Structure formats: structure tokens, C-alpha cells
There are 2 protein chains.
Amino acid sequence: MRTFVAAADAGQFQEAAGALAITQQAVSKRVAALEHDLSVRLFARSARGVQLTVDGQAFLPHARELLRVADRADASVRPGRRALRVDVHSRRIGPAVLLQDFHRAHPDISLDVVTLDVDAVGAIAAVEAGAVDATFHAVAVRRLPDAIRAARVLDEPHELLVGPRHPLASADVVTPAQLAEHRIWMPGMAPGSEWADYYLELAAAFGLTIDLAGPVFGNEALLAEIAGSASLSTLVGEHSRYLWPDSWDLRRIPVRDPAPVYPMSLIWRADNPQPALRTLRRALRASTPDYPVWLPKLSGTY
Amino acid sequence: MRTFVAAADAGQFQEAAGALAITQQAVSKRVAALEHDLSVRLFARSARGVQLTVDGQAFLPHARELLRVADRADASVRPGRRALRVDVHSRRIGPAVLLQDFHRAHPDISLDVVTLDVDAVGAIAAVEAGAVDATFHAVAVRRLPDAIRAARVLDEPHELLVGPRHPLASADVVTPAQLAEHRIWMPGMAPGSEWADYYLELAAAFGLTIDLAGPVFGNEALLAEIAGSASLSTLVGEHSRYLWPDSWDLRRIPVRDPAPVYPMSLIWRADNPQPALRTLRRALRASTPDYPVWLPKLSGTY
DNA sequence: CTAGAGGCACAACCAACGGTTGTGGCTCGC
DNA sequence: GCGAGCCACAACCGTTGGTTGTGCCTCTAG
């Protein structure tokens, strides 16, 4: 492909061969092979050089695009100068949305969003090791390793997700106190994880029934279950993206007075030289809600 | 790359090998070679299969994109089911702009814009031969080959392009009659071409001095010449895109009363089965100006 | 605790690919 | 008409990339 583009740019195989440091015959062979694979003629040969055919003209921009993508792919992992790589715990929750906004605002910065599938300790270890440039987690800033920095970037308020038959289905807003009478189901939180700790502390603070146990069949199953139930509900982050069929008629009801928020920090290595990281940090300015919030004490490992 | 994606999807080399109809060892070798080239480990191997590393996760979407682009590149020339291919005489004039608008409105339709670099006769021959799906030219509809259809899609009005020292530099609008006193320079029109015929007929109709001869050094040179001259001017299509440094201070002045328009038709083969062509035809509805226009008699080959 | 199943890597082997040099034919310009 | 410039074809050969055979590791079932 690179040879084809070089030949198209040069207008002759000889010169392209020079640029690629191979012989004219090799260029001829490569182009012939490409033409054979595509079963189409890309160049019209003459004694003065070559000229793109119609098919060649149509193919050229695609070939260039292919090389661009290949170079980007290479740059995404090439040690030393790879793209900014950020870990999010799930692609459906707040931080992923923040990153998407960031990408829209800075399309020139190449960004890789990955999901490490580890807890805060593991993610911070990955940041320390340089495997990722940054991660999002709830941390008590005082107890981080020396080389690690953190900045609060998102206080994520919660919404109650209920089906149409749930008693609170028609509420515009609910208070934590109101939730005490209802069962909140959040399966899949590993005991001891920051998530489990958070929801246990929340439950204790307001006398709630938050069910962290139970079989985990995935988010889709959970949503389906809630859609059909008159008593089940769950909590989701305000920025999170969950999709369901319209017919399920699920409702998201803000929780306020106070609003339990989940405090997310961006975590990075102090000595990370990536300029894009600085840009990301600047772009992610925390906007504190203008209503009363409830925050956990964050007594976990960090 | 395809092997890497297959292995990532399968979660094990064995299964990927089956899907690709090669042996597990070949998959192992291919992945190892890719890892070597990138000097990065993409998979963590275990006795239960393989799992993407962080680098692998970051690389995967790029690899998928690469395959997508490769497939599109292939589809762009693969005989039988290639993308809609339209010839424009120049990427800077009206039809190219129409196509760009069309692409924005229908981003799902893959469109290849090519420049055949031939006259109307050659372009229509290319349409007949199936090398391109459509072309834009000024034609008298009556005399086309049987298998060819045409529809007027753009009556392109002209603007006078002058430098700041030209006598008409400050005019808001000019008439063809006014132009009779000034020299209009349009080098590079081959004698007998539809363009030359048009401008000759225009010159005759209004007693203009239109200079089609002269050395051709390219558009940039022409613009530079005009910018510095107090007497030279040229005509450009209203939709055409020419760029120049701000300091040149060139002005585009509409020609009206009547406005000489250049009538462009979309030309295609009656039996072209491409559904996208139908969409293009529907999208390109001619919008006739609501002011008096001048049209040529179109006495050329077609 | 052990045996077997399942999965990946390494080694040896071999066809085919992709480069090289050498050469011939074509076209254009002097 | 002849040389210069450029591309294609042929012969040649090292390397690549597939194959089969095998060993090692881990997880699990008996």
C-alpha cells in the first residue's frame, strides 16, 4: 500500500523505488500484486512513467487513509510516544462520558480509553507502572503513594432507576430518607471494593436496604428485572449511560436533599511527561453541584 | 491484524485458528510477529487461553479500524460492488461543492470523487464504459448517446475576480455590458473544449474581450497576477473555491442583469443499477436563480 | 494426589513469497 | 535514427510464513 501511494505521488516507479530504497522491479512487482489482488488496474504504464487509472484515483485516498490509520495504530502502543491512555472502570459511567466530551473538544489529541478490570489498588499500580497514563477512582487523597497525584474531577450524583409499577415511579425527585422503605438492588459489587464500601456506608448513613449480593447476570438482565418489578430499584450515576427498549418504561429519578454523590478523582503519575495529560487535567474541572450533597468518609485502602 | 482481532474476540488462539482456517501454531506465530514488530506484549497467555494486556486493549480498536478501512478500500475498486464514483472536472468548482454537500447529507453512502482529466466526450465515454458512475458537464440533452441520461443540476452564475487596483474593484455588482471595456483573462481553456466554446459564445454575445490563450502557469499564478494588476480580471463560478492570502485583497463581484450562467448536467448511464446513484440524482435538484440569466446555445459535440 | 484434557510455545521442515540482477521492448526527444 | 529513460519479464535465491510434531503448564475431575 505504501508502495502504491509512493508510486502515485512520484508518477513513476523508478523514483518511488528510490524513495523506498528498493529496485524499480520490486515496485513493479508490488503494484502488480496489488492490482492482481484487487483484480483491477491501478496505473496506466507508459514510457514516461505511470499515471493513475480511474480505479487508481478512487483507490488512492483509501490507501492514504489506511496508512494514516496504520500509523496511528502503531503510535497507540509504541513505547515512548504512545497516545494518552486512560483507564475507566466502565464505559457506561461518568468518567467515560467526561472523556468522550474531552475527545470532542480536542479531536487532535489521540486518546485511548481502556478498561483494566481491576480495583482502585490495581489501577493505581498500573498508573505507577506506566501501563496507563491516568485512571478515575474515588480516593482519599492523603494516603496515595508519593509519585501519584489526584484531583477531584467529578462528584457524581445518583438517580433511582425504577420500573413503571414501582411506588416511586411517578416521583419527580426522592430523598435518601424516602428510600429507606424500599429495596435497592446493586448486584456485582465485590466485597471490599470501593463501590461496595461506598454503598454500605451510604446504607448505614440513611438506614437503607442496599443489596450488594445476588447472582450477576449483567446489566441488561438487571434492567429487565427492574422493569418488571414493583419493588426492585437500583441506583445509577447521573452521567451514566444505560439503554433499554422504550416499552420497558424505566424512569430515572434524581435523589436529593441531600444528594449522595460519588467522588471521582483523576489519578496520574506526578512525573508523567505527556503534554496531553496536562490538557486533560485542565479540561476536567470539577463542577460542584449547587445543592446539598452527602459524601462518604472514604476509609478504604487509599 | 485480522488474526490479532480474531484472537482478541475469541479469547484463545485455538478458536481463532479455527475461524481463520489455519493452525493454532500459525496464530501464535502471527501474534508473536506482530508483538515483535510493535515491541509490545499484546496478550497475556495462560493455560485457559489468552487475555488482552493494557497495550492490547489500546491497540484493539485501532486494529478494528484498520480492517474497516481496508475493507472500504477494497470495496472502492472491487468490480461489481464498488462505491459510487463521480467525475468532476476540477475539485475547485461547483459540482465538487455539490458532491461535498451530498456527502455531508448522506455520510453512509460511500462516494469516490475522481478527476478524469478529459473533455465532455471522454467523460461521457467513461460513463458509457462504466469506469465512472456519473459526471458533470454542460450538454445539449438532445444529442446524447442512447444509453446515457442527463439532468440539469446546477446553473452556475459567474463572479468577476479582480485585484484591489482594478477599476471595478469597489463595485457591488457588474453587468456583462460593463465588462466590455475590460480585459478578461482565462488561460488554459483548450480550443474546442466546452469551456472555450462557452466563453467564446459569451464574449460574442456581449462584445467582451475574453482572452483564452496565453501561457498556463496554474491557478495560483493566475490569482497572483490578477491581484497585482489594475486591468486584468477573470471569471469564476459562484460556488467555486479559490483560496488566496488575505493581503492580496482580491474581490469577487457578482455579474448580473443578465447573469451568464454555466449549465451543468449530471450525466449517467440509464441502466446503472447503483441505488446510491438514484439518491444522488434526487439530492441534486436544480435551483434556478430568481434573476435574469444568459444561457449559451451549446452547439458543441453534444 | 494423580491423570487427563485443553491450550500455548518451540522445533524442524518446506513451499512460496518477495526481493535481487540482468535484459528486452517501448516511446519520446534531440 | 539513435540514445535516454522507464517499465515488464525471467532467472535466481534468501527469508518468510505456513505445516506437523512435541513438550510444558495449569486447571479439573476422579
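Each chain gets a letter, A, B and so on, in the order its sequence line appears, and its residues count up from 1. Bear in mind the structure is a predicted one, so any value in this text is a computation, not a measurement.
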Whole-Å distance, B/L34 CG to D/dG17 P, equals 12 Å

Taking CG from A/D37 and C1' from C/dG18, how many angstroms apart are they, rounded to a whole number? 13 Å

Sequence-distant partners of B/R92, side-chain contact (heavy atoms from CB on, under 4.5 Å), two or more places apart: B/S90, B/N219, B/E220, B/Y242

Over 12 foreign heavy atoms within 6.0 Å of CG, B/D146: no

Testing A/R78, A/R2, A/R64 one by one against A/D71 for a salt bridge (charged side-chain N to carboxylate O under 4.0 Å, His left out), which residue passes? A/R2

Provide, to the nearest angstrom, the distance between the CG atom belonging to B/L20 and the P atom belonging to D/dG18. 10 Å

Would you say A/R85's side chain and A/S76's backbone share a donor-acceptor pair under 3.5 angstrom? yes

Contact letters for nucleotides 2-16 of chain D, in which S counts primed atoms plus P, OP1 and OP2 and B counts the base, heavy atoms under 4.0 Å: ---BBBBB-------

May I ask you to check whether A/H62 and B/D112 show a side-chain donor-acceptor distance below 3.5 Å? yes

